[in-house]
Amino acid sequence: MSNDKTSETEGAEAPSTSGLDFIRQIVAEDQQRGKHDGRVHTRFPPEPNGYLHIGHAKSICLNFGLATEHGGRCNLRMDDTNPTTESEEYARAIEEDVKWLGFDWGEGFYYASDYFEQLHEYALQLIRDGRAYVCDLRGKEVSEYRGLWNEPGRDSPYRTRSIEENLDLFARMRAGEFEDGSRTLRAKIDMASPNMNLRDPAIYRIRRVPHYRSGSDWCIYPMYDFTHPLSDALEDITHSLCTLEFEDHRPLYDWFLEHVDVPSRPRQIEFARLNLSYTVLSKRKLLELVEEGHVSGWDDPRMPTLVGFRRRGYTPEAIRDFCDRIGIAKANSIVSIAQLQDSVRQDLNQSAPRVMGVLRPLKVVIDNYPEEQVEEVEAVNNPEDESAGTRPLPFSRELYVERTDFREDPPKKYFRLAPGREVRLRYAYFITCQEVIKDPETGEVVELRCTYDPETRGGYAPDGRKVRGTIHWVSASHAVEAEVRLYDHLFTKINPEDVDEGGSYNDALNPESLETLTGCRVEPSLAGAPPGHRVQFERQGYFCVDVDSRDDRLVVNRTVTLRDTWAKIEKAQGQSK
RNA sequence: UGGGAGGUCGUUCAAUGGUAGGACACGCGGCUCUGGACCGUGUAAUCGGGGUUCGAAUCCCUGCCUCCCAGCCA
């Protein structure tokens, strides 16, 4: 958040807005012109009917970022006007997620439901001014009267009711005299408008159910289109940022501000919502994934939710960096998941301590190493951060190395272990593979017999000879056993929502999105690591201790792999054959 | 079909009448006790057609394509 070195533009009256995204340009211009007294006040208005996902993060970073960049404020507001889908649990989770992402709303925490009384007053004003009426049409009838895109709607037969009758009926709606769905309060705008939103939209509906906050104080609830502009105005919001699908709601947004006596005049600006390759980002679909059991919950590490990413091991810094990098525009687009992965790698590379972890252990016995001997070699904790220091690693005659670091028949450019080959065990010794032991039944390689060169302690050969390969390892008797969960995309298609007729987005569910490895071996320093602890398993990737972890059962999630140049080479070799 | 909004390297975002640039991805090279990181380098784009202009991604006209809207959801 400190990417501003633009204050060097002294002489210029109006600093250039070049390079800024279109919203920041508008805000900068507004501020230069002294609009809203030069104030910038934004808000992030989630509905507490689900968990926040990475798409929300884009909006959060925009709204909070904009405010801090201009010395303004950003409110967190629960947009909770629909009691049937919302809950306290979601509201609390949202609050926590925004905090986790690293943003602070100060005193600015609000609930639209706290405005119910004021909103009701505003509705009365509209009625008194002849701008709203109680309509007795049922849902189906309303939509019949609404007309089609290319055909104007018809006025409701109740449109011409007297103000007194409207006032009376609305009071009785509030008093609970009418059943759900039997009546609505509608804005009297224009049934012939080419914009459907202006064909007398409902502003209050009857829902005789308790609200998670207002309890049973109300049985009528205001609609989004009515609530939102007025809530913004009540909070003195200057710039009300929302996504593209609300673009043609803007005339309605402005209509309410125009016809209700509000304290301020916010402006709605729309931007494109985030789409991520190989994932879905809609609360409805994410809810389905949870309810249908395709994932273990909202915080399943494969979920694009903030709780999911958190459990997976993503850092708030990485997510913020990602949001900075993808920019803000009006063109709808699908951002590559590789972009996000780059952001985490970038962050974790700096901060994650290195550790030895063997995912698929292959036993190695060093024949010329003394039977009972154990020594300690010194390992660097983080080559990117000298202050992280070093740690001792136990070394002994029996080790585990990565199964994929041995090939009986090595392909070209394979620098790892193979019969007769010498490699370096990171921070320890050079070893040479002398013998391959196989299971007589299956032919599977079960053990490698190797010899080590005692002169190469620490990983250097005094005679100056080089080895091409350095591999990771753990001492068999000292290693801690762990369960490692590897994740892949939840979906196999770049855009799972792009489905053929009759298809469903979950046809593209990836059956291999979770791979659980048991019997993995990690270095002893990881014993007892708490959930949330992030490390790099050298040469493998970044990992994070899962909440399922117990003292006697280490469970770690793979956040993201390291870049794997060898995998690319091998893939290219495979293709050229 | 009516209304609204979009279309720039493979992807994403810039360039606001004056050399089309960054990031990711990809390729090549260097360095390396992580085939990581890092360093260097390269490939690669203005939806089509007209016009205005010394000069157009940008302004005008026209065509094409994509997205959103017919909840008493947000």
Side-chain angles (χ1 to χ4, degrees), chain A residues 16-22 25 45-47 49 79-82 84-86 135 137-139 142-144 146-153 180-186 193-199 201-207 220-221 223-225 227-228 242-251 270 272 277 283-284 324-336 338-343 345-346 349-350 354 380 383-384 413-416 424-428 458-460 466-472 494 536-541 561-570:
Chain A
S16 165
T17 58
S18 180
L20 296 178
D21 62 67
F22 79 101
Q25 287 182 23
E47 184 188 13
N49 67 345
D79 206 350
D80 53 357
T81 57
N82 183 358
T84 56
T85 55
E86 298 154 4
C135 180
L137 256 23
R138 291 282 176 162
V142 172
S143 75
E144 281 161 14
R146 187 154 30 226
L148 270 18
W149 280 323
N150 54 348
E151 169 193 297
D180 286 14
S182 61
R183 267 167 248 257
T184 52
L185 182 69
R186 295 227 258 163
S193 172
N195 183 343
M196 285 289 183
N197 295 299
L198 265 23
R199 321 249 262 225
I203 60 185
Y204 266 91
R205 76 291 212 181
I206 303 171
R207 280 254 210 297
I220 55 172
Y221 293 94
M223 302 284 292
Y224 166 86
D225 283 316
T227 308
H228 209 86
C242 64
T243 43
L244 253 28
E245 66 270 28
F246 293 103
E247 217 152 11
D248 45 14
H249 291 235
R250 195 185 337 130
E270 312 85 11
S277 61
K283 276 200 267 185
R284 203 205 89 222
D324 278 351
R325 289 208 247 169
I326 56 174
I328 302 292
K330 293 197 71 161
N332 27 21
S333 57
I334 301 177
V335 177
S336 168
Q339 189 87 219
L340 215 207
Q341 294 173 337
D342 184 70
S343 288
R345 288 196 189 106
Q346 199 93 36
N349 177 47
Q350 297 304 318
R354 272 55 169 177
V380 173
E384 304 294 322
K413 292 190 187 167
Y414 184 87
F415 306 141
R416 281 108 98 147
R424 169 167 40 226
L425 294 178
R426 179 141 226 230
Y427 299 127
Y460 295 95
K466 302 277 187 208
V467 287
R468 292 297 298 270
T470 299
I471 66 175
H472 60 279
I494 289 183
Q536 181 196 101
F537 283 177
E538 294 223 16
R539 306 205 306 129
Q540 308 261 20
T561 61
L562 249 31
R563 274 208 192 81
D564 191 347
T565 307
W566 166 243
K568 277 183 208 165
I569 295 170
E570 198 174 28

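Worth saying up front: this structure is predicted, and the values here are computed from it rather than measured. Numbered from 1 within each chain, the chains take letters A, B, ... in sequence-line order.
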Using the [atom1] atom as the point on both nucleotides, what is the distance between [M] and [N], in whole Å?
N     : M     : atom1 : result
B:G49 : B:C54 : P     : 23 Å
B:U41 : B:C47 : P     : 29 Å
B:U53 : B:G63 : P     : 23 Å
B:G4  : B:C61 : P     : 15 Å
B:C9  : B:A20 : C1'   : 10 Å
B:C72 : B:U11 : C1'   : 41 Å
B:G36 : B:C73 : C1'   : 47 Å
B:G40 : B:C31 : P     : 15 Å

If you go through the side-chain atoms of [X], does one of them form a donor-acceptor pair with the base of [N] closer than 3.5 Å?
X        : N     : value
A:Arg539 : B:G35 : no
A:Glu245 : B:G4  : no
A:Arg325 : B:U12 : no
A:Glu151 : B:U1  : no

Side chain proximity check, [X] to [Y], heavy atoms < 4.5 angstrom:
X        : Y        : value
A:Tyr414 : A:Glu570 : no
A:Gln540 : A:His472 : yes
A:Asn82  : A:Arg207 : yes
A:Asp342 : A:Arg563 : yes
A:Ile206 : A:Ser182 : yes

Heavy atoms only, 4.0 Å cut-off, all strands: where does [X] land among base, sugar-phosphate and nothing?
X        : answer
A:Arg416 : base
A:Pro383 : base
A:Ile569 : base
A:Thr81  : sugar-phosphate
A:His228 : nothing
A:Ser277 : nothing
A:Glu86  : nothing
A:Phe246 : base
A:Thr184 : base
A:Leu137 : base
A:Ile471 : nothing

request  = Using the six-membered ring wherever Trp is involved, compare the ring planes of A:Phe246 and A:Tyr224 and label them parallel, tilted or perpendicular (cut-offs 30° and 60°).
outcome  = tilted

ask   = More 5' along RNA chain B: A:Ala272 or A:Thr85, using each one's nearest nucleotide?
value = A:Ala272

query = Starting at the 5' end of RNA chain B, which residue's closest nucleotide do you reach first, A:Asn195 or A:Gln536?
reply = A:Asn195

key: Ring-on-base stacking B:G2 with A:Trp149 (under 5.5 Å, under 30°)   = yes

Option among A:Arg426, A:Arg424, A:Glu538, A:Arg539 that satisfies the side-chain hydrogen bond (donor to acceptor under 3.5 Å, both in side chains) test with A:Thr470 = A:Arg424

[N] OP1/OP2 closer than 4.0 Å to side-chain N/O of [X]:
X        : N     : result
A:Lys413 : B:G35 : no
A:Gln25  : B:A15 : yes
A:Arg284 : B:C73 : no
A:Arg424 : B:U34 : no
A:Arg146 : B:G71 : yes
A:Gln346 : B:C38 : yes
A:Arg207 : B:C73 : yes
A:Ser336 : B:G10 : no
A:Ser333 : B:C13 : yes

task = Could you check which nucleotide pairs with B:C64 in any of the strands shown, counting Watson-Crick or G-U wobble with both distances under 3.5 Å?
result = B:G7

note = One should read off an interatomic distance between A:Glu384 CD and A:Arg354 CZ, to the nearest 0.5 angstrom, of 6.0 Å

query = So which nucleotide from B:G36, B:G3, B:C67 ends up closest to the side chain of A:Asn332?
reply = B:C67

